[in-house]
Amino acid sequence: MNKQAIAALLDKIESTETASGNPRVQAVVNRIVRDLFATIEEMDVQPDEFWSAVGYLTEAGRNGEWGLIAAGLGFEHFLDLRMDEAEERAGLSGGTPRTIEGPLYVAGAPESVGSARLDQDEQPGEVLFMQGQVRGADGSPVAGALVEVWHANHLGGYSFFDPTQSPYNLRRSIRTDADGRYRFRSKVPVGYSVPPGGSTEKLLTLLGRHGTRPAHIHFFVTAPGHRKLTTQINIDGDPYLWDDFAFATREGLVPAMRKVDDAAALRAREVDAPYY
Ligand code: MBD
Ligand code: FE
């Protein structure tokens, strides 16, 4: 089709829109339709290909996999990079880097002050301890900040999405103590992979890609008067560390891990830290 004919059709479609609509939605949708018309034209997309795509989108929605696809196609990481840029422009850079939330957060995890134990289900895996301090943009500790932590089990599954786990297993909310500190005990997670046979896997396979994330632990950090931090840490040494299907690994989010083989030292550590 020639460019004028396409432009005329776009004009005709847009001319049906009125002031009763939402101008932002009108502008964004019109732009997407224009870009898709151009893609169909330039790639000579055939009707059967178009309707197959419509069927795919329908199925992906039915499976609740759109959040996963957004991560896998790099949209979620792209939004992060844009937020980084916006903060830089506003002179608000620094601190722990953000990275994607992903589609597996669940609100309402049990809350405790200072410390928590996340592994409520009896499951295999290495014991993991993590501790840290929440600091504001000026570097001063933030007492009473809420640190929400969630991660996968030894099979890469998340409670609520994996029916074999009890509700809120490997999910906790920890209030920082008077020094802004938090600490927790859990089990070392294993990297998540997209559901076998699902819509995301289907698409990734057609792209010749894998759907695996390196082992990671998610965090939301919130406190009154501060911006919310959404981030993760990665478990060093994972073969997928820099090959994340969701592109979320970043410098500064791969903390040094220390292996403690000495059982006595581990027990002493537990006594020293009364985990919930
Ligand atoms: C995850 O566990 C995750 O963190 C992301 C971003 C996408 C899918 C699964
Ligand atoms: Fe995750």
Legend entry - Within 45° cone of Tyr56 ring axis and under 6.0 Å: Lys202 NZ or CZ: no
Inset, instruction - Please examine the side chains of Pro195 and Glu65, heavy atoms only from C-beta on, and report whether any two atoms are closer than 4.5 Å. - result: yes
Legend entry - Rounded distance (nearest 0.5 Å) linking atom CG of Asp84 with atom CG of Leu79: 11.0 Å
Inset, instruction - State, to 0.1 Å, how close Ala60 and Ser199 come at their nearest heavy-atom pair, and which atoms those are. - result: CA-OG, 3.3 Å
Inset, instruction - Taking Asn22 for its side chain and Arg24 for its backbone only, find out whether a donor-acceptor pair lies under 3.5 Å. - result: yes
Inset, instruction - Find out whether Lys187 and Asn153 are in side-chain contact, i.e. whether some heavy atom of one side chain is under 4.5 Å from a heavy atom of the other. - result: no
Legend entry - NZ/NE/NH1/NH2 to OD/OE distance under 4.0 Å, Arg117 and Asp119: yes
Inset, instruction - Count the heavy atoms belonging to other residues, nucleotides or ligands that lie under 6.0 Å from CH2 of Trp51, then report whether that count exceeds 12. - result: no
Inset, instruction - Taking the side chain as every heavy atom from C-beta outward, state whether Ile100 and Asp80 have any atom pair closer than 4.5 Å. - result: yes
Legend entry - Side chain to side chain, Ile13 and Phe37, heavy atoms closer than 4.5 Å: yes
Legend entry - Linked, directly or transitively: Met257 and Tyr182 (ILVMFWY side chains, under 4.5 Å): yes
Inset, instruction - Kindly indicate whether the side chain of Leu104, heavy atoms from C-beta on, has any atom under 4.5 Å from the side chain of Phe160. - result: no
Inset, instruction - For the pair Asp179 (side chain) and Arg181 (backbone), establish whether a donor and an acceptor sit closer than 3.5 Å, ignoring hydrogens and angles. - result: no
Legend entry - Verdict with supporting geometry, Leu170 and Val149, side chain to side chain contact (heavy atoms under 4.5 Å, CB included): CA-CA 8 Å; Leu170 307 178; Val149 194; over 6 Å; no
Inset, instruction - Take Arg227 and Glu87 through the salt bridge (charged side-chain N to carboxylate O under 4.0 Å, His left out) test and state the conclusion after the steps. - result: CA-CA 11 Å; Arg227 285 168 293 150; Glu87 284 182 348; 2.9 Å; yes
Inset, instruction - Enter the distance from Thr230:OG1 to Glu148:CD here, rounded to the nearest 0.5 Å. - result: 9.5 Å
Legend entry - Leu68-Phe247 co-clustered via ILVMFWY side chain contacts under 4.5 Å: no
Inset, instruction - Please check if the side chain of Thr176 supplies one atom and the backbone of Ala145 the other of a donor-acceptor pair under 3.5 Å. - result: yes
Inset, instruction - Give a yes or no on whether the backbone of Ala215 and the side-chain of Asp238 come within a donor-acceptor separation of less than 3.5 Å. - result: yes
Inset, instruction - Please report the shortest heavy-atom distance between His154 and Val190, naming the atom on each side. - result: O-CG2, 3.3 Å
Inset, instruction - Output yes when a side-chain donor or acceptor of Arg172 lies under 3.5 Å from a complementary backbone atom of Glu111, and no otherwise. - result: no
Inset, instruction - For His218 and His151, indicate whether the former's side chain and the latter's backbone hold a donor-acceptor pair under 3.5 Å. - result: no
Legend entry - Separation between CD of Glu76 and CD1 of Ile69, rounded to the nearest 0.5 Å: 13.0 Å
Legend entry - Non-hydrogen side-chain atoms of Val221 and Leu146 separated by less than 4.5 Å: no
Inset, instruction - Evaluate the side-chain proximity of Val260 to Arg258: yes if any heavy-atom separation is below 4.5 Å, no if none is. - result: yes
Legend entry - Chi angles and distances behind the side chain to side chain contact (heavy atoms under 4.5 Å, CB included) call for Lys259, Glu126: CA-CA 10 Å; Lys259 232 184 164 111; Glu126 263 188 299; 3.2 Å; yes
Legend entry - Connected via hydrophobic side-chain network under 4.5 Å: Ile217 and Leu253: no
Inset, instruction - Assess the pair Tyr240 and Phe245: is the distance between their ring centroids shorter than 6.0 Å? - result: no
Inset, instruction - For residues His77 and Ala246, report the shortest heavy-atom separation together with the two atoms involved. - result: CB-O, 4.1 Å
Legend entry - Asn63 side, atom CG; Thr58 side, atom OG1 - distance, nearest 0.5 Å: 11.0 Å
Inset, instruction - Taking atom types as modelled, find out whether Arg175 and Ser112 have a side-chain donor-acceptor pair closer than 3.5 angstrom. - result: no
Inset, instruction - Please confirm whether Phe220 and Tyr105 have ring centers closer than 6.0 angstrom. - result: yes
Legend entry - From OH (Tyr192) to CZ (Arg213), nearest 0.5 Å: 10.0 Å
Legend entry - Residues which pass side chain to side chain contact (heavy atoms under 4.5 Å, CB included) with Val45, listed by chain and number, not counting sequence neighbours: Ile40, Met43, Glu49, Phe50
Inset, instruction - Give a yes or no on whether Phe75 atom CZ has more than 12 heavy-atom contacts from other residues, nucleotides or ligands under 6.0 Å away. - result: no
Inset, instruction - Kindly give the heavy-atom pair with the smallest separation between Ile174 and Ser115, and that separation in Å. - result: CG2-N, 3.7 Å
Inset, instruction - Using atom types as modelled and distance alone, determine if a side-chain donor or acceptor of Asn169 lies under 3.5 Å from a backbone N or O of Gln120. - result: yes
Inset, instruction - Search all heavy atoms of Gly156 against all heavy atoms of Ala152 and return the closest pair with its distance. - result: C-CB, 3.5 Å
Inset, instruction - Verify the cluster assignment for Leu229 and Phe219: are they in a single hydrophobic cluster under the rule of side-chain heavy atoms below 4.5 Å apart? - result: yes
Legend entry - Expected output: side-chain Asp162 to main-chain Tyr158 donor-acceptor under 3.5 Å: no
Inset, instruction - State, with a plain yes or no, whether a side-chain heavy atom of Val127 is found less than 4.5 Å away from one of Arg185. - result: yes
Inset, instruction - Kindly check if the number of other-residue, nucleotide or ligand heavy atoms within 6.0 Å of CZ (Phe161) is above 12? - result: yes
Legend entry - Between CH2 on residue Trp150 and OG on residue Ser159, distance to nearest 0.5 Å: 11.5 Å
Legend entry - Any donor-acceptor pair under 3.5 Å from Arg209 side chain to Gly72 backbone: yes
Inset, instruction - Would you name the heavy atoms of Pro97 and Thr231 that are closest together and state the gap between them? - result: O-OG1, 2.8 Å
Inset, instruction - Without swapping roles, check the side chain of Asn234 against the backbone of Thr249 for a donor-acceptor pair under 3.5 Å. - result: no
Inset, instruction - Go through the side-chain N and O atoms of Asp244 and His216 and say whether any donor and acceptor fall under 3.5 Å apart. - result: no
Inset, instruction - May I ask whether Met130 and Val134 are part of the same hydrophobic cluster, defined by side-chain heavy atoms of I, L, V, M, F, W, Y residues being less than 4.5 angstrom apart, directly or through others? - result: yes
Side-chain donor-acceptor distances from residues 2-9 under 3.5 Å, at least two apart:
unit_1: Asn2; atom_1: OD1; unit_2: Gln4; atom_2: N; d: 3.1
unit_1: Asn2; atom_1: OD1; unit_2: Ala5; atom_2: N; d: 2.7

Inset, instruction - Consider only side-chain N and O atoms of Thr99 and Gln232, and report whether a donor and an acceptor are under 3.5 Å apart. - result: no
